[in-house]
Protein chains: 2
Amino acid sequence: MKVLSQTSKYGIRALLYMVSNPSTGEYVSIGEITKELNLSFHFLTKIFRELTNKGILYSYRGPSGGIALAKPSDQIMLIDIVLALEGEDYFDNCLLGFPGCGVEKPCPVHNFWKGIKEDIKSHLCNTSLAQLGEKILAEEVRLFD
Amino acid sequence: MKVLSQTSKYGIRALLYMVSNPSTGEYVSIGEITKELNLSFHFLTKIFRELTNKGILYSYRGPSGGIALAKPSDQIMLIDIVLALEGEDYFDNCLLGFPGCGVEKPCPVHNFWKGIKEDIKSHLCNTSLAQLGEKILAEEVRLFD
DNA sequence: CATATTTAAGAGTATTAATTCTTAATTAAC
DNA sequence: GTTAATTAAGAATTAATACTCTTAAATATG
Ligand code: SF4
Ligand code: SF4
């Protein structure tokens, strides 16, 4: 069951690393993150470029540069990251892939699927990076393997 | 959000066509189904071969041959089809793709994700082809576009 | 200014999923 | 037995995703 692409998974994990490691400087380098989380530097750079273009991150080039959250972590919701990386049409999908749906009668699994999607959406809308970062700092949950 | 592969989507739609079209003969030909649902004949043939190998369908070659449900439609649950086509490890996934999970502390989104997976699983376990077929026959829902 | 550090941009490659194609085997009917 | 209808098996192709690599641009520091 693939709900998130690798791109989103890596993006979220990297952001969670950032909020759970209150660093000294303003910017944290992508190299540090990929080293700590054992991700591909070039891949994460590409992912973060997208988040920078979408206004979720700031970036700064040069020594002691890196990336930083564009907003306080309690104002960045998981949904922002997912929609930025998966596309705004992320929830416009059909469980059974019926063509041209939503117009006439629903398909046999619509009610079920609609409910599940709403559950996922509302959770992503109501969960901030700050909330998850706190859980990591409190060591209730883990971020590494 | 890709929860089911095209394989599963086509497989389920084709089986729903079968249960909602009580045909005269014992076997229904794959060609008829793909013509009605506008699917690729060769692709559906491959999908049904898998379901035949897994014991969900019977097949019979030659004129007036085709495929048939191996069990009454009220005994075939959606979960049977999904696990047959997506693999038995379909639910062994992690929303954030953490490596080697489930051993120590959970990741920050585990509780949420676990709940969603259970909702999906229980619904797939409790929904039979017969139930959905009835809804189609009652014209409450649609099967075509 | 020279150098080192860091992100930006996008081309290139590899892997996986999806689809199509080819050939063979089975069976019914004439 | 010949033909037509049908599934079986799997190779071959295409498309999408995931990942890597190369080059350029920006910036700090000495
Ligand atoms: S009715 Fe709902 S679940 Fe079914 S195909 Fe349409 S949008 Fe998807
Ligand atoms: S804790 Fe749960 S959701 Fe998170 S990575 Fe592990 S299995 Fe997946």
Side-chain angles (χ1 to χ4, degrees), chain A residues 1-14 18 23 25-35 37-70 85-87 89-90 93 97 99, chain B residues 1-14 18 23 25-35 37-70 82 85-87 89-90 93 96-97 99:
Chain A
M1 178 165 23
K2 176 142 87 194
V3 169
L4 295 180
S5 63
Q6 293 291 78
T7 294
S8 294
K9 288 175 183 170
Y10 295 159
I12 294 172
R13 287 179 61 189
M18 289 172 69
S23 50
E26 195 179 358
Y27 290 98
V28 53
S29 80
I30 298 173
E32 174 192 329
I33 300 171
T34 57
K35 195 179 149 199
L37 294 181
N38 198 28
L39 302 178
S40 153
F41 167 77
H42 287 104
F43 199 9
L44 187 61
T45 297
K46 192 182 222 174
I47 295 168
F48 274 174
R49 220 150 57 213
E50 189 64 25
L51 293 178
T52 300
N53 292 336
K54 290 270 166 62
I56 293 172
L57 294 176
Y58 289 145
S59 70
Y60 199 84
R61 287 194 261 197
S64 81
I67 52 131
L69 300 183
L85 295 176
E86 303 276 346
D89 61 347
Y90 179 65
N93 68 331
Chain B
M1 179 164 25
K2 176 143 85 195
V3 170
L4 294 180
S5 63
Q6 292 291 77
T7 295
S8 295
K9 288 175 182 169
Y10 295 159
I12 293 172
R13 286 180 61 188
M18 290 171 70
S23 50
E26 194 178 359
Y27 291 98
V28 52
S29 79
I30 298 173
E32 174 191 331
I33 300 172
T34 57
K35 193 179 150 200
L37 295 182
N38 198 28
L39 302 178
S40 151
F41 168 76
H42 288 103
F43 198 9
L44 188 61
T45 297
K46 192 183 221 176
I47 295 168
F48 274 174
R49 220 149 58 214
E50 189 65 24
L51 293 178
T52 300
N53 292 336
K54 291 270 166 60
I56 291 173
L57 295 176
Y58 289 144
S59 70
Y60 197 85
R61 289 194 260 197
S64 80
I67 53 131
L69 300 183
V82 170
L85 295 176
E86 303 277 344
D89 61 347
Y90 179 64
N93 68 330
L96 296 184

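Chain letters run A, B, ... following the sequence lines, proteins first and then strands; every chain starts at 1.
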At under 4.0 Å between heavy atoms, what does Lys9(B) touch on the DNA or RNA strands: base, sugar-phosphate, or nothing?
nothing
Measure all distances between protein nitrogen or oxygen atoms and nitrogen or oxygen atoms of nucleotides 27-30 of chain D, and list the pairs falling under 3.5 Å.
unit_1  : atom_1 : unit_2   : atom_2 : d
dT27(D) : O4'    : Arg61(A) : O      : 3.3
dT27(D) : O3'    : Tyr60(A) : OH     : 3.4
dA28(D) : OP1    : Tyr60(A) : OH     : 2.4

Under the rule for side-chain contact (heavy atoms from CB on, under 4.5 Å), what residues qualify as partners of Tyr27(B), not counting sequence neighbours?
Tyr58(B), Tyr60(B), Ala68(B)
For Ser40(B), check side-chain contact (heavy atoms from CB on, under 4.5 Å) against everything at least two apart and list the hits.
His42(B), Phe43(B)
Stepwise side chain to side chain contact (heavy atoms under 4.5 Å, CB included) test for Ile67(A) and Met18(A)
CA-CA 10 Å; Ile67(A) 52 131; Met18(A) 289 172 69; 3.4 Å; yes
Using a strict heavy-atom distance below 4.0 Å, which residues from residues 39-55 of chain B are in contact with DNA chain C?
Ser40(B), His42(B), Phe43(B), Lys46(B)
Option passing side-chain contact (heavy atoms from CB on, under 4.5 Å) with Met1(A) (candidates Asp89(B), Leu4(B), Asn93(B))
Asn93(B)
Between which nucleotides of DNA chain C, 5' to 3', does chain A make heavy-atom contacts below 4.0 Å?
dA4(C) to dA11(C)
Keeping the roles fixed (side chain from Thr45(A), backbone from Phe41(A)), state whether a donor-acceptor pair exists under 3.5 Å.
yes
Does dA18(D) have its OP1 or OP2 closer than 4.0 Å to a side-chain nitrogen or oxygen of Lys2(A)?
yes
OP1 or OP2 of dT17(D) under 4.0 Å from side-chain N/O of Gln6(A)
no
Which donor-acceptor pairs under 3.5 Å do side chains of residues 49-56 of chain A form with protein atoms, sequence neighbours excluded?
unit_1   : atom_1 : unit_2   : atom_2 : d
Glu50(A) : OE2    : Lys54(A) : NZ     : 2.9
Thr52(A) : OG1    : Phe48(A) : O      : 2.8
Asn53(A) : ND2    : Arg49(A) : O      : 3.3
Lys54(A) : NZ     : Ala84(A) : O      : 3.0

Enclosure of Asn38(B) CG (heavy-atom neighbours >12, cutoff 6.0 Å):
no
